[in-house]
Structure formats: C-alpha cells, structure tokens
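Every chain is numbered from 1, with letters handed out A, B, ... down the list of sequences.
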Number of protein chains: 2
Amino acid sequence: MWSRPRKAPRQTLTLERIVAEALALLDEEGVGRLTMRRLAERLGTGSTTLYWHVATKDDVLDLALDAVFGEVRLPDPAPGEGDWRRPARELMRGWRAALLRHPWSAALLDRPLMGPNALSRTEFLYQTLAGAGFTPPKAAAHSLANYVMGSVIMQVAWERGGDGDTGAFLRERAARYPALAEHGLGHTWDATFDEGLGYLLDGMEQARR
Amino acid sequence: MWSRPRKAPRQTLTLERIVAEALALLDEEGVGRLTMRRLAERLGTGSTTLYWHVATKDDVLDLALDAVFGEVRLPDPAPGEGDWRRPARELMRGWRAALLRHPWSAALLDRPLMGPNALSRTEFLYQTLAGAGFTPPKAAAHSLANYVMGSVIMQVAWERGGDGDTGAFLRERAARYPALAEHGLGHTWDATFDEGLGYLLDGMEQARR
DNA sequence: CCATCTACTAGACCATCGATCCGGTCACTC
DNA sequence: GAGTGACCGGATCGATGGTCTAGTAGATGG
C-alpha cells in the first residue's frame with residue numbers, strides 16, 4: 001500500500017474521505033461489518049468506485065489503522081540520557097489509548113505497520129532509546145511495542161468476550177484453576193498496564209547502566 | 001464454545017478429527033484459506049456435516065488455537081521463591097515457540113483464550129508468580145502474556161510481509177526515519193525476544209523484593 | 001425380526017462478500 | 001470541438017458461512 005504511488009484525484013471522492021468514513025464505520029460497527037458496499041453507500045457512491053482509489057479492501061484497513069496511529073501525540077523528546085523513561089512511557093500510553101479508542105484496530109495488528117504515522121512513532125521510539133544509550137535500540141523498542149500491542153489485544157478480546165460470563169465461567173472451574181479464579185477476575189486494565197510497563201522500563205533502565 | 005456440553009459421538013467423524021485436520025489445513029495454507037467446505041472435503045464429508053459437530057467456523061478456530069496451546073510443555077515448578085524466573089522464562093519461550101510453529105495463530109489471538117489448554121498454562125503462570133510473592137500476580141502475569149503475544153504477532157506480521165521489501169522500503173526513506181533505517185533492519189527474532197523477556201523479568205524481580 | 005429412535009450425513013439453497021467487466025460521464029487540453 | 005484521461009457505477013462472477021430439508025446407519029427394545 002505505502003509503496004504505491006498516488007494518482008492525482010479530481011477531489012470529488014478522495015482517499016481522505018474514504019479513510020474518514022471507514023474510520024467512522026469501524027468505530028460504529030466494528031471490523032466485521034466494514035464492507036466495501038456499506039462503505040460506498042455511506043459515501044453516497046457505488047462500491048465499484050472505491051476500487052479506483054484503492055486496490056483492495058486491505059488497503060482501506062491499512063489506511064484506517066495508520067489513521068489511528070496518527071492520533072498518537074509525540075511526547076517532548078528527552079532532554080538528557082536519564083529522562084528517557086518519561087517520553088517512552090508517554091508514547092506507549094498514548095499508543096495504547098489510541099488503539100483502545102478504536103477497538104477494531106486490535107484485530108488489524110497482525111500486519112506490518114508501515115504507514116507514515118506508525119513509522120514516525122516508531123522512529124521517535126528508536127531515537128529516544130538510542131539517545132538513552134541503548135545500542136542497538138532494537139530489542140528495547142520491540143519490547144515496548146510488543147507489550148503495548150499485546151496488552152491492547154488482550155484487553156479488547158476480554159472486553160468483547162463479556163467479562164460477566166467469563167467470571168462465572170472461571171468460578172465454576174475454580175477447582176481446576178484455583179489461582180486464576182482467585183486472582184484473574186475483576187480487571188483494572190489501566191493500572192495493570194501501567195504496572196507492567198513499569199516492570200519493563202525498570203528492567204531496561206537496569207540493563208542500560 | 002467451552003461452556004457448551006458435548007454430545008456423545010458415534011466416532012465416524014469426531015471433533016478430534018476435525019480439529020486435527022483443521023490444524024493441518026491451517027499449517028499448510030494459512031487462516032485465510034480455511035473454509036468449511038475445504039475442511040469438509042479433506043475429511044471426506046460434506047460441509048454441512050461439520051455443523052453437527054460445531055456450531056460455527058469460529059468454534060473450529062477456537063479449538064485449533066487451543067490445540068496449539070496444548071503443545072506448550074509445562075516447566076517444572078519453581079522449588080523456592082527465588083527460582084521463579086526459570087519456569088516463567090521456560091513457559092513464555094514454549095508459548096512463543098508453539099505459536100510460531102503455527103503462524104496463523106497470531107491472527108487468532110484477538111479472542112478470549114478460554115480453552116482448557118490455554119487456561120491451564122495461564123494457571124501455571126499465576127501459580128508460579130503467586131508463589132514468588134507477587135500478590136496479586138495479575139499484573140505480572142498479564143505483562144508476560146502480553147509481551148509474548150505482542151512479539152509473536154509482530155514477528156509473524158513482518159515475516160509474512162516480506163523482510164526484503166521492507167528493507168528496501170525503509171532504506172529509501174532513511175532521511176525521514178534515520179534511526180529506524182539504521183537499527184530497525186536485520187531481525188534476529190529469537191535473541192530480541194529473549195533480551196526483552198530479560199528486561200521484563202528483571203524489572204519484575206526488582207519490584208518483587 | 002421388526003420398529004424406532006438417535007446419531008449423523010448431505011444436496012440444494014440463501015444472502016452476502018470482495019472483486020471485475022464494461023460501458024459510461026465529466027472536465028480539461030490542444 | 002474533438003479527444004484524452006480521470007472518475008463513476010450497474011451488472012455480474014466466483015466463493016463464502018450458514019440453514020433447510022431430507023434423508024441413512026446402527027444400536028435398542030420388544
């Protein structure tokens with residue numbers, strides 16, 4: 001998608017309008033109900049027309065996902081080596097928040113993130129970590145990105161699956177899964193995320209010295 | 001899926017055979033090509049027959065995913081409090097390896113993992129962490145699970161996307177993404193995973209004391 | 001040996017999907 | 001004012017997940 005050149009549009013139906021409407025449709029009805037026909041209908045056009053602007057439905061999803069990454073605000077860069085955890089933490093929190101605002105994005109994370117917005121956030125992360133002394137910063141950057149993606153996917157999966165049923169399900173099987181039934185219920189997602197992020201950042205800081 | 005009762009089969013076409021064949025089909029052709037018709041054909045039956053054993057295609061995928069988790073060997077439990085990192089590391093490595101042996105599983109992680117195999121692995125993780133003094137162990141367990149899931153998803157996504165094209169793509173844009181172009185290429189997935197896992201485990205050990 | 005019930009199988013079918021074919025329409029250029 | 005290329009869409013194709021309906025095989029009871 002990102003490697004193909006753009007053609008000059010006549011501005012009646014633009015890629016931007018398509019992406020904006022796709023985002024709205026995804027937010028309202030989820031990824032399963034995004035259809036080229038439905039998207040075209042919302043845009044007041046025929047489904048075929050979309051294929052002039054876009055090669056495949058996957059392109060629409062790629063664009064929509066990158067638009068989500070575009071919502072992530074870049075933190076202020078770290079002034080010195082010691083402050084790297086603040087911008088890293090801010091970026092990861094913003095990254096997570098953007099994905100959670102659009103829960104359908106969790107189902108799309110199994111594709112290469114090569115959109116400009118995703119790349120610029122990753123670039124910022126690499127620069128922050130490289131500036132902090134991680135040479136090379138790849139493992140550190142991957143750790144953080146993996147953690148964020150994994151936590152978003154898990155949270156979305158469990159919230160969509162219905163936590164009420166899950167609780168009853170686990171309590172019924174408390175004999176087989178005692179630790180899970182005792183500690184696994186009652187999610188406080190934000191605090192859990194921050195705690196785990198703290199583990200990771202602290203472990204990285206320890207290795208950095 | 002897991003809450004519904006099983007009916008007594010006559011053993012000509014069993015759920016086990018369906019799952020085994022689904023796994024083979026997924027391994028050979030990927031998740032996009034798993035069709036109820038194709039699966040039925042491989043089993044020498046009609047597509048409708050599958051729906052007697054299974055309510056929907058999602059059930060097949062749930063079962064197949066849990067079968068992957070079934071491949072993960074449980075480590076020996078930690079003898080004392082201090083040794084918790086060994087079983088935790090072993091479990092996470094095994095978890096990751098099983099998912100990577102079946103790359104299609106990465107696309108299925110956006111659903112609740114409530115199969116018996118997944119649950120028993122999670123239970124082991126909770127017990128290991130609770131025994132190490134993490135009370136409650138939820139955040140610690142989530143951190144590790146999130147990290148593994150995220151790293152598998154990212155690796156599968158980039159390997160499927162074709163690393164060769166990605167390299168050229170990033171090199172062309174080295175001006176815009178200098179740190180990424182310099183450090184982001186040439187993946188050594190296993191080492192990167194272990195390094196990040198070490199960060200996480202060390203940070204957790206630090207917090208535990 | 002027959003009837004019957006239940007586990008199980010399948011062909012035809014439905015609505016819907018992503019994508020394409022082919023024929024248009026509109027605005028701008030020479 | 002003819003032509004060119006950007007843009008649009010109705011009809012259609014092949015395929016999909018899932019259902020309806022009509023069965024068949026084999027154990028069970030008498």
* Asked: Of the nucleotides D:dT19, C:dT9, C:dT20, which has the atom closest to the B:Thr49 side chain?
  -> C:dT9
* Asked: Can you list every pair that meets ring-ring contact (aromatic ring centres under 6.0 Å, His included) and has a residue in residues 136-156 of chain B, with sequence neighbours left out?
  -> A:His187-B:His142, A:Trp189-B:His142, B:Tyr147-B:Phe193
* Structure fact -> In whole angstroms, the gap separating P of D:dG14 from CZ of B:Arg37 amounts to 15 Å
* Find the distance B:Lys57:NZ to D:dT16:P and express it as a whole number of Å. => 9 Å
* With A:Tyr126, which residues qualify under side-chain hydrogen bond (donor to acceptor under 3.5 Å, both in side chains), at least two apart? -> none
* **Residues from residues 27-35 of chain B lying under 4.0 Å of DNA chain C - heavy atoms** => none
* In whole angstrom, what separates B:Met36's CE from D:dG17's P? -> 7 Å
* To do: Please name all residues satisfying side-chain contact (heavy atoms from CB on, under 4.5 Å) with A:Ala181, sequence neighbours left out, ordered by chain then number.
  => A:Ala174
* Asked: Can a side chain N or O of A:His53 be found less than 4.0 Å away from OP1 or OP2 on D:dA6?
  -> no
* Interatomic distance where CD belongs to A:Glu41 and P belongs to C:dT16 [whole Å] -> 12 Å
* So does B:Thr56 get a side-chain nitrogen or oxygen closer than 4.0 Å to the phosphate oxygens (OP1/OP2) of D:dG18? -> yes
* Tell me, please, which residues at least two apart from A:Asp110 pass side-chain hydrogen bond (donor to acceptor under 3.5 Å, both in side chains). => none
* Asked: How long is the line joining OH of A:Tyr51 and P of C:dA19, in whole Å?
  -> 4 Å
* Are A:Arg86 and A:Glu90 close enough for a salt bridge, meaning some N to O gap below 4.0 Å? -> yes
* To do: Using atom CH2 of A:Trp52 as one end and atom C1' of C:dT25 as the other, report the distance to the nearest whole Å.
  => 14 Å
* Asked: Taking the side chain of B:Arg38 as heavy atoms from C-beta outward, which of C:dT9, D:dG18, D:dT16 is closest to it?
  -> D:dT16
* Is a donor-acceptor contact shorter than 3.5 angstrom present between the side chain of B:Ser47 and the base of D:dG18? -> no
* Could I get the full list of salt bridge (Lys or Arg N to Asp or Glu O under 4.0 Å) partners for B:Glu21, not counting sequence neighbours? => B:Arg42
* Please report the shortest heavy-atom distance between A:Phe69 and A:Leu99, naming the atom on each side. => CZ-CD2, 4.4 Å
